[in-house]
Structures are given as C-alpha cells and as structure tokens.
Amino acid sequence: MGKLNVVMIRYLSRDDFRVLTAVEMGMKNHEIVPASLVASIASLKHGGCNKILRELVKHKLMVFERSKTVQGYRLNYPGYDYLALKTLSSRDVLVSVGNQMGVGKESDIYIVANAEEEQFALKLHRLGRTSFRNLKNKRDYHKHRHKMSWLYLSRLSAMKEFAYMKALYDRGFPVPKPVDFNRHAVVMELVNGYPLCQVHDVEDPAALYSEVMELIVKLANHGLIHGDFNEFNLMLDDNDHITMIDFPQMVSTSHPNAEWYFDRDVKCIRDFFMRRFSYESELYPTFKDIRKECSLDVEISASGFSKDLQEDEFLLHPAGPDAEDESEEEAEDPTATGSREKGEGAHGLIDMEEFHKVLLELEGLKVKEEHNDHLCNSPVLGRKHCFPIGL
C-alpha cells in the first residue's frame, strides 16, 4: 500500500484491464483466483492470459500466491487503484493525478484535475494498514464472517462516505461537495483550509467552540452522529469556519451505542480546546438535548447505497464500546482476500453480465491526448506535479 504511481496506467491495454477486472470478479468467490478461471472470465486464450498475468504481477498490480490446495492471483491496492482511476477517467471526472496531500490511518488523499483544470481531492480508502488492522475496536466490519477482503471493506467505506457526504451537502452542512466515486475512490471538492490539528491559534476560541458544538447537535437533530469527531477530521478556513471531513463511520441516533458515541465526540472537542487553546466551557451538549427534526439516517439507508449492501447492512454500524478485542494473531494481511459466503476455495458462479458492464464502464470515452498535454502545461499543477492518466 505504497504511494500511488500512475505512470503505468497509460500503457495498459484493453486486455490488461480485462484481466484486472476478471481477477476482481473472481475474488468475489475465491481467496486466490486460478489462472484458468481468470482466462475463462476474461474470454482470453490461456497462453495470452498467462503472459498478461505475469506482466501485471511484475508491475505489482496484483499478487501471485500458492497455497497447499490452489495457486493463483489476487488483486492488491495498486491494481484496485488503476481500475478505479480508469473508470473515473472514462467518465471525464479526472484526467491527471497530482501531489499527495495527506496520509490517514485508513486513506490517502491526492490532488486531481479534470480537462477544464478544475482541481479536486481524490480520497483512496485503504482499510487494513499494518498498524490499524484491529477494526473491531471501531467498526463491526467482520461480524458473522471469519475472513473478509480489505479491498471489499475499503469499497464499502467509500460508498458509505459518499452517500453521507451527498446527503449532508444537499442539506447545507459544511462538508466538501461530492463529485463522484468508484470502488474505494471518492472524488470531492478541494477544501481551502487547514486541518484543525495543525492550528495553534484562533482569534475567538469561544466562537469556534460554539460552532463545532452546534454542528454536533445539528447532526444529531438530523438523526446522525459522526462517531469520530476530532481535530483531525475538521478543516478550518481563513475565516475560522469549519468544514467536516472523513465520516465513513457515521452512525444513526437509533444505534444501541448512540449516546456513548455522542458523548465521546463532545469529549474529544472539549479536551482538544482545553489542551490547544486553554479554553474550557461549562456549556456542552448532551444526548438528552437532541430534538430530532428529521431522520436523515433512515433516508440514506433507503437510498440506492443500501441496495448494494442488503446482505451487509451491519457494516453500516461500528462496534460498541464493549466490543471484544481481536488478538494480534488474528490480524490478516492488509491485502489478503477472504472468501465471502461460500468458504475458502469456493467455486461460485461469476455474473458475466456484471463483468461486461464493468468493462464497458472502464472503456468509456477515451481522453484526448491534447487534453493531457494541455493539463501538463497547466500553470496551476505544472508538468512536475501532475501525470495524465488518459489512454
């Protein structure tokens, strides 16, 4: 899960993407996808498919593994990145990738731009980093399942964040404007400001404190609790107004542990203001202060987002304060794939209609070469700071 490198994406052929997509589809029912199954899904001859597989492994876009019973391939984060970027490029959402802006414990943020030189933020969800594998402390992503693919969990996290971001933005909440998403990648407005954790002085700490607490209450009045409301997930602009970012862990006020999460969010803000600005107020909201105005949590659950997650509805909710800790021995490899419902090595049927739908989405409209050259000479990004990804 190293730094995103988009150099190779311009040189991948249509068959390369067919094979990447075939492995992605095969991983729905297999921990390791046999080469024969990849060739069958991709509708390619075995010899040609094996050559492509070797090249993709060579360029670290997938991994070859051998177990006692089977040998084959699995997709890793770089390969997943390429599939997401190719799809977003085919939709004309972006044509170049710029500098990395930040690294979180579960995501990487990059500057991207479209053909009109508009800049956006690209967030790549990367659940399963080595130091943060014990997700049960935060989110109940593994409930009822012994194994689970980190790629799949990252996709769910991105879908959830985009759904909540869109709903909140449409209702006037201070969040980035959502642009598009695909797989584990979310494209959003580039916020002009600094993370609150980097700010050491503000003109009026009391006013900022009130604004933050009012936002927590406003969210709760709409049926939502952030769940991880702290200085790392708030951006401060030049006028000392905040923008809320990073909320794939959002929970409903009807969640069994809602009050615990609400109180934790409030405590995080109170502790931060005391520690950073030496400001403490006796006034702070409690869960009893909530006056529910609407059920945004129900509206979002009723949206198309939940259709993709009908069998995984529990993934919307983080674990409670009494969740059992997982031992380090149970932690999985960050890119290891687990079979979903059918068990390891299961031979489930691949939905070929879905495969061809994904291929069509990948192919899309090809970005014209002049757009790439024009953007590389952009005075904003400059040739040194961007790389066109159109084919």
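Not a single donor-acceptor pair under 3.5 Å links the side chain of Asp15 to the backbone N or O of Arg18. Under the 3.5 Å distance criterion, the side-chain polar atoms of Ser154 are matched with a main-chain donor or acceptor of Trp150. Between the side chain of Asp237 and the main chain of Asn239, a donor-acceptor pair closer than 3.5 Å is present. Without hydrogens or angle criteria, Arg270 side chain to Glu282 main chain gives no donor-acceptor distance under 3.5 Å. Looking at Ser210, its side chain does come within 3.5 Å of a backbone N or O of Ala206 through a donor-acceptor pair. Under a 3.5 Å cut-off, the side chain of Asp170 and the backbone N or O of Ala167 do not form any donor-acceptor pair. Asn221 contributes no side-chain N or O that, together with a main-chain N or O of Lys218, makes up a donor-acceptor pair within less than 3.5 Å. Side-chain atoms of His30 come within 3.5 Å of backbone N or O of Gly26 as a donor-acceptor pair.
The pair Lys267-Asp271 meets the salt-bridge criterion, with a side-chain N (NZ, NE, NH1 or NH2) lying under 4.0 Å from an Asp/Glu carboxylate O. Salt-bridge annotation for Glu259 and Lys288: absent, with no side-chain N of the basic residue lying under 4.0 Å from a carboxylate O of the acidic one. Ion pairing between a basic and an acidic side chain is recognised when a charged N comes within 4.0 Å of a carboxylate O; Glu231 and Arg275 show such pairing.
The 12-atom threshold is exceeded at CZ of Phe64, counting heavy atoms of other residues, nucleotides or ligands nearer than 6.0 Å. Around the NZ atom of Lys292, the shell of radius 6.0 Å holds more than 12 heavy atoms that belong to other residues, nucleotides or ligands. Within 6.0 Å of OH in Tyr284 there are 12 or fewer heavy atoms belonging to other residues, nucleotides or ligands.
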Go through the steps to decide whether Asn233 and Phe247 satisfy the test side chain to side chain contact (heavy atoms under 4.5 Å, CB included), and finish with yes or no.
CA-CA 8 Å; Asn233 296 328; Phe247 33 83; over 6 Å; no

Determine, stepwise, if the pair Leu236 / Leu208 fulfils side chain to side chain contact (heavy atoms under 4.5 Å, CB included).
CA-CA 10 Å; Leu236 195 69; Leu208 181 60; 3.7 Å; yes

Does the side chain to side chain contact (heavy atoms under 4.5 Å, CB included) test come out yes or no for Val179 and Met165, once each step is laid out?
CA-CA 10 Å; Val179 178; Met165 192 188 306; over 6 Å; no

Run the side chain to side chain contact (heavy atoms under 4.5 Å, CB included) test on Asp265 and His226 for me, step by step, so that the C-alpha distance in whole Å, both residues' side-chain angles and the decisive distance to 0.1 Å come before the verdict.
CA-CA 7 Å; Asp265 283 352; His226 188 284; 3.7 Å; yes

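For the atom pair Ser96 OG and Leu85 CG, the distance stands at 11.0 Å (nearest 0.5 Å). Rounding to the nearest 0.5 Å places OG1 of Thr243 at 9.0 Å from CG of Leu234. In this structure, CD on Glu214 lies 12.0 Å from CG on Leu219, to the nearest 0.5 angstrom. Taking CG of Asn257 as the reference point, atom CZ of Phe262 lies at 15.0 Å (rounded to 0.5 Å). Interatomic distance, Asp263 CG to Ile225 CD1, rounded to the nearest 0.5 Å: 8.5 Å. Between the CD atom of Glu24 and the CZ atom of Arg74 there is a distance of 14.5 Å, given to the nearest 0.5 Å.
Counting heavy atoms from C-beta on, the side chains of Pro178 and Tyr169 come closer than 4.5 Å. With contacts defined as side-chain heavy-atom distances shorter than 4.5 Å, the pair Asp240/Asp204 does not qualify. At a threshold of 4.5 Å between non-hydrogen side-chain atoms, the residues Lys177 and Met188 do not count as touching. No side-chain heavy atom of Asp108 sits under 4.5 Å from any side-chain heavy atom of Leu4. Looking only at side-chain heavy atoms (C-beta outward), Thr253 and Leu224 stay at 4.5 Å or farther from each other. Using a 4.5 Å heavy-atom cutoff, the side chains of Tyr110 and Leu124 are in contact. The closest side-chain heavy-atom distance from Tyr77 to Leu151 is below 4.5 Å. Between Leu296 and Leu168, the closest side-chain pair of non-hydrogen atoms falls below 4.5 Å.
In this structure Phe181 satisfies the side chain to side chain contact (heavy atoms under 4.5 Å, CB included) test together with Met159, Phe162, Val186, sequence neighbours excluded. Ser254 pairs by the side chain to side chain contact (heavy atoms under 4.5 Å, CB included) definition with Ser252, Asp297, not counting sequence neighbours.
Taking each heavy atom of Val19 and Cys49 in turn, the nearest pair found is CG2-SG, 4.3 Å.
Hydrophobic cluster of Val191: the remaining members, joined at side-chain heavy-atom separations below 4.5 Å, are Met235, Ile245, listed by chain and number.
With no hydrogens or angles considered, a side-chain donor-acceptor pair links Arg183 and Thr87 at under 3.5 Å. Side chain to side chain, Ser157 and His125 meet the donor-acceptor criterion of an N or O pair below 3.5 Å. Of the N and O atoms on the side chains of Asn230 and Asp228, at least one donor lies less than 3.5 Å from an acceptor on the other residue.
No continuous path of hydrophobic side-chain contacts links Phe232 to Ile242 [ILVMFWY only; heavy atoms under 4.5 Å]. In terms of hydrophobic clustering, with Ile, Leu, Val, Met, Phe, Trp and Tyr side chains grouped at heavy-atom distances under 4.5 Å, Val6 and Met8 are assigned to a common cluster.
Each of Tyr82, Tyr152, Tyr80 was scored for a ring pair (Phe, Tyr, Trp, His ring centres under 6.0 Å) with His184, with one residue passing: Tyr80.
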